[in-house]
Visitor: 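Once you've had a glance at the structure underneath, I'll fire off some questions.
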Amino acid sequence: GAVVSQHPSWVICKSGTSVKIECRSLDFQATTMFWYRQFPKQSLMLMATSNEGSKATYEQGVEKDKFLINHASLTLSTLTVTSAHPEDSSFYICASGGPPGYNEQFFGPGTRLTVL
Amino acid sequence: QKEVEQNSGPLSVPEGAIASLNCTYSDRVSQSFFWYRQYSGKSPELIMSIYSNGDKEDGRFTAQLNKASQYVSLLIRDSQPSDSATYLCAGGLGSARQLTFGSGTQLTVLP
């Protein structure tokens, strides 16, 4: 399967600050990446779909001005949580759509965000 | 109706037994299905994908798809304590390559 990295693996920040999470596909060019959020003991919730070179498509209820997604290259997508608040504390996971011929998604290791 | 529904468990089986995990899906879900394993505190890891009716085997894992009943399952033979995790069923959704996930089934294999 495809290899996806994510950085940082965890971050603690103060309320009101912004946090950027990077997601990289290491062994192929990912035209589509997905960003998920997972609260404790809950399933994955898709936040947005990002396509290289175009604006991300956000799921209903996800504030696009708060969760800024940039997919400027075929190997890098970033999620910036702006003006983070304690309720934004969660496990954020990116996934790549995989190389041509794969319908699977391959997940990065995730970023645990704690907002104090 | 949720797009993908899993028997929520938790499920406990003794070591060496067969663990059976089940999932049903709605009409909105396209005909590609995936099983992911998620250890506590980690991200999901793809175990199996299945696209056609019938069984697909990979080592100790067998995925079964029944399109008429809109049912997909995962069997784990000779279960090991290291198989203890949450198993997520996912189905393809639309042409944007999105996946929709079930709520997960927590499996514990008892030594």
Side-chain angles (χ1 to χ4, degrees), chain A residues 1-10 21 23 25 30-52 54-60 62 71 90-114, chain B residues 2-10 21 23-25 28-52 56 58-59 61 63 65 72 74 85-108:
Chain A
V3 180
V4 179
S5 71
Q6 209 170 323
H7 178 80
S9 55
W10 59 271
I21 302 170
C23 177
S25 60
T31 55
T32 304
M33 286 189 175
F34 305 89
W35 286 95
Y36 292 86
R37 179 168 54 182
Q38 186 176 39
F39 292 106
K41 299 199 181 299
Q42 294 187 22
S43 192
L44 297 168
M45 295 298 297
L46 179 66
M47 299 176 67
T49 301
S50 82
N51 292 294
E52 185 266 337
S54 62
K55 290 184 179 180
T57 301
Y58 290 81
E59 295 301 299
Q60 191 172 9
V62 177
H71 193 163
S90 188
F91 191 40
Y92 291 86
I93 317 172
C94 70
S96 166
Y102 284 88
N103 287 330
E104 296 88 337
Q105 290 183 14
F106 299 96
F107 287 86
T111 297
R112 190 160 303 282
L113 170 64
T114 302
Chain B
K2 291 183 180 179
E3 291 158 343
V4 173
E5 295 206 49
Q6 287 185 250
N7 50 340
S8 58
L21 305 163
C23 184
T24 57
Y25 59 91
R28 285 199 64 212
V29 181
S30 66
Q31 304 298 296
S32 56
F33 299 92
F34 310 93
W35 283 99
Y36 287 85
R37 177 176 61 198
Q38 186 175 24
Y39 292 113
S40 180
K42 302 295 185 182
S43 68
E45 171 192 13
L46 180 67
I47 299 175
M48 295 281 286
S49 59
I50 186 165
Y51 300 90
S52 305
K56 179 181 178 182
D58 184 0
F61 299 97
L65 174 60
V72 59
L74 179 70
T86 296
Y87 289 81
L88 299 167
C89 172
L93 196 65
S95 59
R97 305 174 74 187
Q98 291 181 348
L99 295 180
T100 182
F101 286 84
S103 56
T105 300
Q106 185 177 350
L107 171 67
T108 301

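Everything numeric here is computed off the predicted structure, so don't read it as measured data. Proteins get letters first, then strands, A, B, ... in listed order; numbering begins at 1 in each.
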Visitor: Looking at chain A, which one of B:Gly41, B:Ser32, B:Gly104 has the largest number of heavy-atom pairs inside 4.5 Å, strictly under?
Guide: B:Gly41
Visitor: Heavy atoms only, distances under 4.5 angstrom: which of A:Gly108, A:Pro109, A:Ser43 has the most pairs with chain B? Name it, please.
Guide: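 Top option by heavy-atom pairs under 4.5 Å: A:Ser43.
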Visitor: Which atoms of B:Leu99 are under 4.5 Å from chain A, going by heavy atoms: the side chain, the backbone, both sets, or neither?
Guide: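 The answer is both parts of B:Leu99.
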Visitor: Say you draw a straight line from CG of A:Leu46 to CD of B:Gln98; how long is it, rounded to the nearest 0.5 Å?
Guide: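 Atom-to-atom, A:Leu46:CG and B:Gln98:CD are 5.0 Å apart.
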Visitor: Search all heavy atoms of B:Tyr36 against all heavy atoms of A:Gln105 and return the closest pair with its distance.
Guide: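 The answer is OH-O, 2.6 Å.
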Visitor: Could you have a look at A:Lys41, A:Gln6, A:Gln38 and say which one has the most heavy-atom pairs with chain B under 4.5 angstrom?
Guide: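 The candidate making the most pairs under 4.5 Å is A:Gln38.
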Visitor: So what's closer than 4.5 Å to chain B heavy atoms on A:Thr31: side chain, backbone, both or neither?
Guide: side chain
Visitor: Which heavy-atom pair separates B:Lys42 from A:Phe91 by the least distance, and what is that distance?
Guide: O-CE2, 3.6 Å
Visitor: Is it the side chain or the backbone of B:Glu45 that comes within 4.5 Å of chain A heavy atoms, both, or neither?
Guide: neither
Visitor: Restricting to non-hydrogen atoms, name the atom on B:Ser43 and the atom on A:Phe107 that form the minimum distance, rounded to 0.1 Å.
Guide: OG-CB, 4.2 Å
